[in-house]
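Scroll down for the structure; my scribbles are underneath it.
Letters A, B, ... mirror the listed sequences (proteins, then strands); counts begin at 1. Any value given below was found using the heavy atoms of this structure, including those in side chains, with hydrogens, waters and symmetry copies removed. Here the structure is a predicted model, which means the values were calculated and not measured.
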Amino acid sequence: MTSQGHRAQTAVALLGAALIVGWGVARLPKRASYLRLSNTPIDNSGNKESAPAFRLLTEAAEVVPPGASVFVGHTVPDPIRDTYLHRFAVALLPERRVLPAAVWGVAVSPSPEPYADYVLLLGARPAVPRGKELLATPDGTVWRRKP
Amino acid sequence: MRSGAVWIASFATLLIAGAPAVRGLRNLSLATRAVLGAAVASVVLSTWMTLFSLVGLLWNVPVLLLVTLIASIGLGRLLEAGPDPAAKRPSSLTGADRWLWTGAVLLSAAGVAVAALSVIAGASTSGDFIMFWGPKAQVFALTRTIDARIFRDPSLGYLHPSYPPFVTNLDAFATMLAGRMAWGAATATFPLLLAALALALPGLLRATAAEPTASAAAALVVSGIGLVGMEADIAGNGEMPLLLFETLAMALLVRRDAAKPSMQLLAGILLAGVASTKVEGLPFVIATALLFPALRRDVPGKLCAALRLFLPTAVTLGAWFAFGARSGLFRGYEGYGRFLTIYPAIFPRVAASVGYFLWGIGYATPFLFPLVFLALRPRPWRPALLPLGIGATLCAFFLFTYLHDQNPHMWIGWSAARIFSPLIPLLAIAGCAGTADSAPEATGPGRAAR
């Protein structure tokens, strides 16, 4: 049998664990079902603003072949967001040569876009086509510049 | 979906490869032995992968598993645990203790389940995993080695060449087996390693704290790490393996049989996992190697004990820094400026920022309850000094690191909850270490003479 002192200490630990678990349940995102995985691994994380980039890059991996060069940027350039988009592209477009619109928060000048085989633009469809459109989603577009 | 399942299932090979290493730990529960074996195998595998890269051998999955198994068999001849005189198996509990133990088990399971649900919802994925750990592992898997070439591209400088290799090696191993990086599956390592901790920790603490206190402490650790992991987005990054290794090593070292050289070696291998997972693992290991022999009166050969704890780290990090030097990339960790160039005047601001970002139910409660648990522990306090001393060392190291930046408020904002999270298991282990001796069942005949 355990002493009263040990039981009090144990009870405090269990009370703490119960409160922590309860708070964790309260902090879970409200979803229709937990039987289905989220669309991307970051849908409800602190990086959820990058979920459209994750989706577009994942879909782009189906149409941009390994070995190709691909320029990645936003339709409306933004050096900070372009920097993070480049980092996501390095992750999600393996075996491709990713040409960034910006690195370290600074736009790359001159833009490497003319040297790319493919162009990926996050955001609205650009007013001027960048080649042959391969993919158009609500998140952005992918173009083939060279045959 | 299929490659994701294979990616995660690939870690089952570590259970098999690690089994021979822990065959001598028969007094531990099967779950504890299985987790310890897999943890040892993972450290050995990662070290082999670094050594292969160092000498220019390309990674080959069957060969890597074979050399890991051979090393595991060799370690099995060295590792054995002592008897657990204080251990009281859950099956022998009755009455209120039985209910408390059942509650602890259910709360541990609930803590793991909440972490799993947050991963399913994509609510705890680390941005660093997508931008840092994952891409490195993916390139290493494709090139079948730690590819130094990617670190020479200035636009990829954010990949931190010198960062220790454990996570990227293990992720590359799983990626080679699965055929591709499975981004979603990799985030599941957070609840899976939390489950491993929930399975192994009570069995280790049972030798130093009476049941059900041991299981209650484990429930507090598991739920606390789970909540901080959700709030601070740690899924997929190095935090969860770091916390697993740190917690297992500390739970081993507060046991009475940690006076045995073989247990010190086992803890040393886990500490090598700590040091090769994240940069802040190294001060943890150094503090442990110094404080353990200094604080334990029953450990003969203090220097040998310190060496057993540090030698595996010297091997793993030695291989890593040799690789860095050979490839011309690094000779030590990247720092935040000159080591001793700090701004002491901003200390009050640093302390205020840490308090600011850890204030709130989600961040504070996982630290607060282990602190209360510690305050309620019975005397003597000496067994608690090791985890408390290491916790104090870590706090001093983190605050010292923050003092290198004149305006670290934002840095503290995105890092404090993660890097201070080892305090959760350290406080909880300090709260129960050595308390079995003050329990009624530990004061019977034969104990008084000890």
What residue in [options] has the most heavy-atom pairs under 4.5 Å with chain B?
{"options": "A/T58, A/V12, A/V103, A/V108", "answer": "A/V12"}
{"options": "A/T40, A/V98, A/N39, A/L92", "answer": "A/L92"}
{"options": "A/F54, A/F88, A/W23", "answer": "A/W23"}
{"options": "A/S45, A/G16, A/P29", "answer": "A/S45"}

Checklist entry - Is any side-chain N of the basic residue among A/R55 and A/D139 closer than 4.0 Å to the acidic one's carboxylate O? => result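 Between A/D139 and A/R55 there is a salt bridge, with a charged N closer than 4.0 Å to a carboxylate O.
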
Checklist entry - Has A/Y84 got more than 12 heavy atoms of other residues, nucleotides or ligands less than 6.0 Å from its OH? => result no

Item to check | Heavy-atom contact with chain A under 4.5 Å, split by part of B/I120 | outcome: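 Backbone plus side chain of B/I120, per the 4.5 Å heavy-atom cut-off to chain A.
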
Item to check | Which atoms of B/P154 approach chain A - backbone, side chain, both or neither, heavy atom under 4.5 Å | outcome: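 For B/P154, the backbone is the part near chain A, not the side chain.
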
Quick one: which of [options] has the most heavy-atom pairs under 4.5 Å with chain A, could you say?
{"options": "B/F132, B/F373, B/F129", "value": "B/F373"}
{"options": "B/T365, B/L374, B/I130", "value": "B/I130"}
{"options": "B/G226, B/A121, B/S215, B/A96", "value": "B/A121"}
{"options": "B/G224, B/S124, B/S155, B/G103", "value": "B/S155"}

Checklist entry - Is the NZ or CZ atom of A/R31 positioned over A/Y34's six-membered ring, under 6.0 angstrom from the centre and within 45° of the axis? => result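 Verdict for A/Y34: a cation-pi partner in A/R31.
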
Checklist entry - Can A/R145 be said to sit on top of A/Y118's aromatic six-ring, NZ or CZ under 6.0 Å from centre and within 45° of the ring axis? => result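 Judged by the rule (NZ or CZ under 6.0 Å from the ring centre, within 45° of its axis), A/R145 is not positioned above A/Y118.
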
Item to check | Portion of A/I20 that has a non-hydrogen atom of chain B nearer than 4.5 angstrom | outcome: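 Looking at A/I20, backbone and side chain both touch chain B.
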
Item to check | OG-CZ distance between B/S118 and A/R27, expressed to the nearest 0.5 angstrom | outcome: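 Taking OG in B/S118 and CZ in A/R27, the distance rounds to 11.0 Å.
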
Next on the checklist: If we ignore hydrogens and angles and just use 3.5 Å, is the side chain of B/R377 paired with the main-chain N or O of B/P380 as donor and acceptor?
Outcome noted: yes

Item to check | Main-chain N/O of B/V119 paired with B/T187 side-chain donor or acceptor, under 3.5 Å | outcome: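 Checking the backbone N and O of B/V119 against the side chain of B/T187, no donor-acceptor pair under 3.5 Å is found.
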
